[in-house]
Protein chains: 2
Amino acid sequence: MIVINDLNWVMSMSFYTADSLKAELHERGWRLTPQREVILNIFQNLAAGKHLSAEELCELLHTEGHDISLSTIYRTVKLMARMGILRELELAEDHKHYEINQPYHHHHHLICVKCNQTIEFKNESVLKIGDKTSKKEGYHLLDCQLTIHAVCPSCQRSIVSAN
Amino acid sequence: MIVINDLNWVMSMSFYTADSLKAELHERGWRLTPQREVILNIFQNLAAGKHLSAEELCELLHTEGHDISLSTIYRTVKLMARMGILRELELAEDHKHYEINQPYHHHHHLICVKCNQTIEFKNESVLKIGDKTSKKEGYHLLDCQLTIHAVCPSCQRSIVSAN
DNA sequence: ATTTTAAAAGAGAGTTATTCTCAATAAGAC
DNA sequence: GTCTTATTGAGAATAACTCTCTTTTAAAAT
Ligand SMILES: [Zn+2]
Ligand SMILES: [Zn+2]
Ligand SMILES: [Zn+2]
Ligand SMILES: [Zn+2]
């Protein structure tokens with residue numbers, strides 16, 4: 001496990017195996033299914049900084065020979081986000097993206113509000129703020145994201161209509 | 001104008017009047033309409049920390065005697081968000097909220113992923129990180145939001161089904 | 001192993017926030 | 001006042017996501 005600073009949130013973000021996933025699911029009276037295991041594996045093996053929408057995940061699963069229904073995909077990513085295994089990202093588009101929630105991959109997003117081009121960046125102090133704030137309120141921290149809305153250099157030059 | 005630290009982003013976040021809005025619109029070849037002026041006024045006069053969805057804004061406008069169509073409302077808040085006048089918030093529900101984008105009101109959100117209860121908090125260093133990051137990439141900063149996803153104390157006690 | 005039970009998957013219908021289309025209107029330039 | 005074209009309003013269209021219900025199956029009980 002990778003430890004950054006002294007945040008015990010980071011300590012709890014372990015690398016998930018089928019067994020540890022199973023244990024966490026059972027803790028809540030839920031079950032480990034082949035679908036959940038496959039989806040977890042996809043996210044574990046995704047390149048750093050890569051995120052998937054539900055549709056993209058469905059296609060990727062299909063190319064790897066796993067036919068998991070869209071219903072199950074939507075349910076599973078939502079479930080894993082609520083467990084703190086995945087991060088649910090709002091990248092200023094009309095749909096959500098998901099990525100694994102682990103210290104090594106933890107980063108933030110700078111988004112152009114006009115063309116949606118996204119740049120990822122790391123910042124350690126964001127973690128500290130999130131940890132301190134949630135602790136203070138008695139919340140159990142799952143994820144914290146700094147999202148910067150801005151206009152990229154090329155969009156600063158272009159003028160488009162208001163509609 | 002309120003100045004926090006030495007961020008020139010904050011310097012550019014002025015209090016909008018009908019005239020300054022008109023000037024910024026004209027700069028881009030757009031027009032100041034009564035609808036846009038009324039909507040700006042609503043957000044200027046909103047209590048600190050209050051945010052509105054498109055539907056809520058529509059109702060509020062109606063009670064004040066302004067019948068502005070939902071189409072125009074959606075277009076206007078999106079426009080003002082892209083201009084940096086409003087902040088577009090994703091509060092983990094199925095719709096967006098908007099609030100004025102001014103230093104005095106600037107804050108962040110701690111959201112329970114289970115019940116969506118939201119706590120607002122302020123943090124000055126987030127502004128600095130957003131300013132530094134966007135500057136470095138040549139982006140023109142509009143807004144930066146720290147969103148913390150967590151489980152609130154009461155939801156930590158309840159166990160619900162996965163579906 | 002076999003049975004039992006309820007969680008989960010799959011299929012497809014349903015929901016709804018948001019966007020799109022287009023005719024009518026009006027802001028702003030001259 | 002006239003002209004140009006951005007904007008409005010009404011409603012249709014879109015599409016991400018959720019819900020419903022039947023079937024399947026994980027995993028506990030026997
Ligand atoms: Zn990312
Ligand atoms: Zn851009
Ligand atoms: Zn707020
Ligand atoms: Zn809660």
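Values in this document were obtained by computation on a predicted structure and should not be read as measured data. So that the names make sense, note that chain A is the first sequence line, chain B the second, and so on, each numbered from 1.
- Atoms CG (B/L61) and P (D/dG9) sit 11 Å apart, rounded to a whole Å.
- Put simply, the side chain of A/K96 does not reach to within 4.5 Å of the side chain of A/H51, judged on heavy atoms.
- In this structure, B/L25 atom CG and D/dT7 atom P are separated by 8 Å, rounded to whole Å.
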Next on the checklist: For nucleotides 10-19 of chain C, give me one character per nucleotide, 5' to 3': B if any protein heavy atom sits under 4.0 Å from the base, S if the only such contacts are to the sugar-phosphate, - if neither.
Outcome noted: BBB----SBB
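- The distance from atom CG of A/L21 to atom P of D/dA27 is 10 Å, rounded to the nearest whole Å.
- Across the protein-nucleic acid pair, A/R28 atom CZ and D/dA26 atom C1' stand 18 Å apart, rounded to whole Å.
- B/R82 has no carboxylate O lying under 4.0 Å from a charged side-chain N of B/E88, or vice versa, which leaves the two without a salt bridge.
- Atom NE2 of B/H26 has more than 12 heavy atoms from other residues, nucleotides or ligands within 6.0 Å.
- Rounded to an integer number of Å, the gap from B/N116 CG to D/dT18 P is 11 Å.
- When atom types are taken as modelled, the side chain of A/T72 and the backbone of A/I68 share no donor-acceptor pair closer than 3.5 angstrom.
- Between the NE2 atom of B/H26 and the C1' atom of D/dT7 there is a distance of 12 Å, rounded to whole Å.
- Around the NZ atom of A/K122, the shell of radius 6.0 Å holds more than 12 heavy atoms that belong to other residues, nucleotides or ligands.
- The A/R31 side chain lies nearest to C/dA8 when the options are D/dA28, C/dA8, D/dT7.
- Atom P of nucleotide D/dT25 and atom CZ of A/R36 are separated by 15 Å, given to the nearest angstrom.
- In this structure, A/E37 places its CD atom 15 Å from P of C/dA8, rounding to the nearest Å.
- For A/T33, whose side chain is taken as the heavy atoms from C-beta onward, the closest listed nucleotide among C/dA9, D/dA28, C/dA27 is C/dA9.
- For the side chain to side chain donor-acceptor pair (under 3.5 Å) with B/Y16, the lone residue among B/Q44, B/K22, B/E37, B/E24 that qualifies is B/E24.
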